K.L.:
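Quick one: the structure is below, and I'll ask about it shortly.
Quantities reported herein were computed from a predicted structural model and do not represent experimental measurements.
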Amino acid sequence: MIEAMIALYRQRVALAKLDARMLDDIGVSASEARVESRRAPWDPPSYWHL
């Protein structure tokens with residue numbers, strides 16, 4: 001569980017660093033990326049089955 005939270009934290013930090021072109025490549029808007037990157041590591045996406 002802790003490893004998953006650490007991985008999620010790292011992914012959200014990386015998401016926050018993407019520029020508009022990169023976000024467009026993955027189909028995520030800047031506002032969606034901003035919201036997701038600000039979520040806490042212990043707040044996983046709803047589709048995760050931990």
K.L.:
Supply the atom-to-atom distance Met5 CE to Glu3 CD, rounded to the nearest 0.5 angstrom.
P.N.:
10.5 Å
K.L.:
I'd like to know if Ile6 and Val13 are part of one continuous hydrophobic network [Ile/Leu/Val/Met/Phe/Trp/Tyr, side-chain heavy atoms within less than 4.5 Å].
P.N.:
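They do not share one cluster, since no chain of ILVMFWY contacts under 4.5 Å joins Val13 to Ile6.
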K.L.:
Any heavy-atom pair between the side chains of Pro44 and Leu8 that's under 4.5 Å?
P.N.:
yes
K.L.:
Are there more than 12 heavy atoms of other residues, nucleotides or ligands under 6.0 Å from atom CZ of Arg39?
P.N.:
yes
K.L.:
In Å, rounded to the nearest 0.5 Å, how long is the span from CG of Asp43 to CZ of Arg12?
P.N.:
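Output value for this atom pair is 6.0 Å.
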K.L.:
Can you tell me how far CD1 of Ile26 sits from CG of Leu18, rounded to the nearest 0.5 angstrom?
P.N.:
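Going from the CG atom of Leu18 to the CD1 atom of Ile26 covers 5.5 Å.
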K.L.:
What distance do Glu32 atom CD and Leu15 atom CG have between them, rounded to the nearest 0.5 Å?
P.N.:
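Answer rounded to 0.5 Å: 10.0 Å.
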K.L.:
Grab the two heavy atoms, one from Ala33 and one from Leu23, that are nearest each other, plus how far apart they are.
P.N.:
CB-CD2, 3.7 Å
